[in-house]
Amino acid sequence: SMGAYLVGWVAARHPERVLSLTYACQSPLLTTEDNSSEEVRIFEKAVKEGKDMGPYVRYTASTVGISLTAAEASKAASNAFKGKDVEALSAAALSFPALAVKPDDLKNCKVPLLFVYGGLEPERLKQRVKSLCALLGRGEIVEIARANHGTTISNPKFSSALLAFLSRNS
């Protein structure tokens, strides 16, 4: 999903290098949006305090209507972040606002677009994708039922959608 920000940046700044675009579970950041993120702030705070990532997991779960206790979130975070460099992830997340692109620059990249996300993704993401497709005047959207941010790309329907898109656009 973080790759969507990078892909959007490349598409806006170097459209001649792009043949098609696929966004999985995210969309590019636009300069016309508020790109300050409560999610990033909570993540960074947890990293700086050196505690577990439970508050971050609890917050992100709440954005899709899942209520976790502090203990449940802590256990989920322990599993999700085991062996990962959370300081590096935090540093990467803090760079996101610098990857925001002007909508007009993104419009200049006229290649085919595919957005794939899970049906359990936050409504704000689904709306951002639909708004971006309307703004650009193009874009295919594939929503994978009962998939979430963590399971969408491992779902066979993701691979099928991607292969079909690439077959039509290569």
Side-chain angles (χ1 to χ4, degrees), residues 1-44 56-66 80 84 88-170:
S1 58
M2 286 191 271
Y5 305 154
L6 295 170
V7 167
W9 187 90
V10 170
R13 286 177 177 69
H14 303 285
E16 74 283 358
R17 296 181 180 179
V18 180
L19 300 175
S20 66
L21 295 167
T22 299
Y23 295 100
C25 305
Q26 195 50 274
S27 67
L29 293 173
L30 302 177
T31 56
T32 54
E33 300 173 320
D34 175 12
N35 290 310
S36 61
S37 169
E38 181 68 12
E39 181 176 344
V40 170
R41 282 191 290 279
I42 291 169
F43 191 102
E44 180 188 26
Y56 169 75
V57 169
R58 194 172 189 189
Y59 172 80
T60 56
S62 74
T63 66
V64 292
I66 298 171
K84 296 196 171 69
L89 290 171
S90 178
L94 291 172
S95 72
F96 292 165
L99 297 173
V101 297
K102 295 177 186 172
D104 285 343
D105 290 342
L106 208 51
K107 283 182 186 178
N108 289 330
C109 186
K110 306 215 180 279
V111 300
L113 301 167
L114 172 65
F115 294 91
V116 183
Y117 53 75
L120 301 176
E121 289 280 5
E123 286 302 316
R124 70 180 188 280
L125 170 65
K126 296 176 186 180
Q127 191 53 51
R128 283 182 68 220
V129 168
K130 291 173 185 169
S131 296
L132 186 58
C133 287
L135 176 78
L136 298 176
R138 67 187 191 289
E140 296 177 42
I141 299 172
V142 174
E143 182 174 318
I144 299 175
R146 297 180 302 283
N148 61 35
H149 199 75
T151 62
T152 296
I153 63 169
S154 62
N155 188 304
K157 291 177 183 175
F158 175 83
S159 299
S160 296
L162 179 59
L163 291 172
F165 173 76
L166 291 173
S167 178
R168 288 190 306 275
N169 295 290
S170 59

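The shown structure was predicted, so the numbers you read here are calculated from the model rather than taken from an experiment.
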Write down the atom of [X], the atom of [Y], and the distance for their closest heavy-atom approach.
X	Y	result
L125	S27	CD1-N, 4.1 Å
P103	L135	CB-CD2, 3.5 Å
V18	A11	CG2-CA, 4.0 Å

Full working for side chain to side chain contact (heavy atoms under 4.5 Å, CB included) between C133 and L113: CA-CA 9 Å; C133 287; L113 301 167; 5.7 Å; no
[Y] side chain reached by [X] side chain, heavy atoms, under 4.5 Å:
X	Y	answer
Q26	M2	no
Y117	I144	no
P15	L106	no
L94	E44	yes
I141	V129	yes
L162	T22	yes

How long is the straight-line distance from [atom2] of [Y] back to [atom1] of [X], given to the nearest 0.5 Å?
X	Y	atom1	atom2	answer
L30	K102	CG	NZ	12.5 Å
L136	D104	CG	CG	10.0 Å
L21	E140	CG	CD	12.0 Å
F158	T152	CZ	OG1	8.5 Å
R168	L114	CZ	CG	7.5 Å
C109	E16	SG	CD	9.0 Å

Check E143 with K126, please: is the shortest side-chain N to carboxylate O separation under 4.0 Å?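 Salt bridge: yes.
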Salt-bridge criterion met for R41 and E38 (N-O under 4.0 Å):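 Here R41 pairs with E38 in a salt bridge, since their nearest N and O are under 4.0 Å apart.
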Short question: side chain of [X], backbone of [Y] - any donor-acceptor pair under 3.5 Å?
X	Y	result
S62	Y59	yes
R128	P28	yes
T63	P122	no
K84	A80	yes
R13	D105	no
S160	P156	yes
S170	L166	yes

Does the side chain to side chain contact (heavy atoms under 4.5 Å, CB included) test come out yes or no for V101 and T31, once each step is laid out? CA-CA 5 Å; V101 297; T31 56; 5.6 Å; no
Residue K107 excluded, over 12 heavy atoms near NZ under 6.0 Å: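 Yes, NZ of K107 has more than 12 neighbouring heavy atoms, counting only those of other groups under 6.0 Å.
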Might you confirm whether atom CG of L19 has over 12 heavy atoms from other residues, nucleotides or ligands at distances under 6.0 Å?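 No, CG of L19 has 12 or fewer neighbouring heavy atoms, counting only those of other groups under 6.0 Å.
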Matching residue for N148 among I66, L120, N155 - test: side chain to side chain contact (heavy atoms under 4.5 Å, CB included):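 So, applying the side chain to side chain contact (heavy atoms under 4.5 Å, CB included) to N148 and each of I66, L120, N155, only L120 qualifies.
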When you look at F165 and V142, which way does the side chain to side chain contact (heavy atoms under 4.5 Å, CB included) test go after all the steps? CA-CA 10 Å; F165 173 76; V142 174; over 6 Å; no
Measure up the F115 and Y23 rings against each other and bin them: parallel (under 30°), tilted (30 to 60°), perpendicular (over 60°).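 F115 vs Y23 ring planes: parallel.
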